[in-house]
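Comments concern the structure below.
Here, residue 1 is the first one in the sequence, and each next residue gets the next number.
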Amino acid sequence: MAAAAVTPRLEAPEPMPSYAQMLQRSWASALAAAQGCGDCGWGLARRGLAEHAHLAAPELLLAVLCALGWTALRWAATTHIFRPLAKRCRLQPRDAARLPESAWKLLFYLACWSYCAYLLLGTSYPFFHDPPSVFYDWRSGMAVPWDIAVAYLLQGSFYCHSIYATMYMDSWRKDSVVMLVHHVVTLLLIASSYAFRYHNVGLLVFFLHDVSDVQLEFTKLNIYFKARGGAYHRLHGLVANLGCLSFCFCWFWFRLYWFPLKVLYATCHCSLQSVPDIPYYFFFNILLLLLMVMNIYWFLYIVAFAAKVLTGQMRELEDLREYDTLEAQTAKPCKAEKPLRNGLVKDKLF
């Protein structure tokens, strides 16, 4: 893998478009690409895969080994750190059962988001301030900078682990099927964008998505700790309330505002300006649009949750995910806990 380097450009960064400009330009570019694709089909797809996809077997093996490592590390951390911590702090039974999952995810997302933030804001990579630059100097089979390759290895192996964890380690929830789809789509995007050398886009996607996960898990932990020892702890309650507001804002700003204006605009419109015959244009944009749809789907949970708080239907912030009675009766519990008995708000929103 090559050392981290980005070819400098003399022109100033392109101003971020408005929503209307993004939609208009992206639609026009996609329509022109569809009309100009005379030989689109399985033949072209097979040729593009053979000519432009570069993913070696040792890289796949390393990702699988790291995924197994994540699973073993989570088990060890849960057994020797998280559960003893919950017992020592005398958390409520349901909170003690959920603490290991949230603590594990908080540590991972905080580390990965901090690393991606450093790459985008603390190095010479211009991708955050100039999103169209993600396709400058793109070449088929180009070397992936080692620092971006590390981010890809961490994220790809973690989402591989997360598919297993969602099915067998985490609590089964009302939207767990959607979560599984999210993990599969994300893993497919990570693997294919690395193979086709769209890693610059991937780095931007990591940065825009992980920040809300950090705030979500941090908020959940404070919700669990506010009732520790059978007493109400005002500080944890205050931090949980502030964290909930911050999480809602960041979800909207990073995933529903910046993500389409920075990522989708770059992939739908700017990619064709830099590389007119860019391979698998529709494949990647369909996956990114599906990711956007899931972000909107989960944002509806956030809006419903906020409406219950504002209208007084929820007297106190207990957690960030709504359960229904049917789920409480039929859901598959994790091994560390029993199914919930009612339809109160119990766990995270996504």
Side-chain angles (χ1 to χ4, degrees), residues 1-7 30 33 37 39-70 112 115-116 119-120 125 127 131-163 181-210 259 263-264 266-268 270-272 274-292:
M1 297 176 185
V6 176
T7 303
C37 188
D39 60 342
C40 288
W42 288 113
L44 179 62
R46 286 194 298 268
R47 291 196 305 272
L49 191 63
E51 295 174 5
H52 301 292
H54 301 272
L55 188 59
E59 294 173 320
L60 288 173
L61 179 60
L62 180 60
V64 171
L65 291 176
C66 287
L68 295 175
W70 286 126
C112 282
Y115 180 64
C116 292
L119 292 181
L120 287 173
Y125 292 121
F127 312 134
S133 66
V134 296
F135 292 105
Y136 293 168
D137 305 319
W138 178 89
R139 300 182 310 279
S140 176
M142 62 188 294
V144 179
W146 68 268
D147 47 6
I148 296 182
V150 169
Y152 261 78
L153 177 61
L154 293 174
Q155 295 274 358
S157 60
F158 184 80
Y159 276 100
C160 187
H161 150 78
S162 295
I163 294 175
V181 174
H182 170 270
H183 291 341
V184 171
V185 170
T186 302
L187 185 59
L188 184 59
L189 269 171
I190 291 173
S192 54
S193 63
Y194 181 88
F196 284 90
R197 300 308 189 247
Y198 300 148
H199 45 273
N200 297 338
V201 182
L203 181 62
L204 196 54
V205 174
F206 296 154
F207 173 77
L208 294 177
H209 280 72
D210 285 352
F259 177 69
V263 174
L264 294 181
T267 58
C268 292
C270 301
S271 60
L272 295 175
S274 299
V275 189
D277 57 345
I278 190 167
Y280 275 66
Y281 169 84
F282 291 104
F283 172 77
F284 283 103
N285 280 297
I286 288 174
L287 288 180
L288 289 171
L289 287 171
L290 181 58
L291 190 60
M292 179 68 181

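- Looking only at side-chain heavy atoms (C-beta outward), Y159 and I190 come within less than 4.5 Å of each other.
- Side-chain contact between H209 and L291 is present, with heavy atoms from C-beta onward closer than 4.5 Å.
- For the atom pair L188 CG and F283 CZ, the distance stands at 4.0 Å (nearest 0.5 Å).
- The structure places OG1 of T267 at 7.0 Å from OH of Y281, a figure rounded to the nearest 0.5 Å.
- Distance CG/L60 to CG/L55: 4.0 Å, rounded to 0.5 Å.
- Residues S271 and F284 form no side-chain contact, since every pair of their non-hydrogen atoms from C-beta on lies 4.5 Å or further apart.
- Using a 4.5 Å heavy-atom cutoff, the side chains of L203 and L119 are in contact.
- For an aromatic pair to be called close, the ring centres must be under 6.0 Å apart, and H199 with Y194 fails this.
- Put simply, the side chain of S140 reaches to within 4.5 Å of the side chain of H54, judged on heavy atoms.
- Side-chain atoms of V134 and Y198, non-hydrogen and from C-beta on, never get closer than 4.5 Å to each other.
- F135 pairs in a side chain to side chain contact (heavy atoms under 4.5 Å, CB included) with only one of the listed residues (N200, L272, I278), which is I278.
- Using cut-offs of 30° and 60° on the angle between ring planes, the pair W70 and F158 is perpendicular.
- Counting all heavy atoms, side chain and backbone alike, R197 lies closest to G141 at CG-N, 4.0 Å.
- H161 NE2 to L187 CG: the interatomic distance, rounded to the nearest 0.5 Å, is 12.5 Å.
- Looking at every heavy atom in both residues, C112 comes nearest to L154 through SG-CB, 4.1 Å.
- Between W138 and F196, the shortest heavy-atom contact is NE1-O, 3.2 Å.
- Across D147 and Y115, no two heavy atoms sit closer than the pair O-OH, 2.7 Å.
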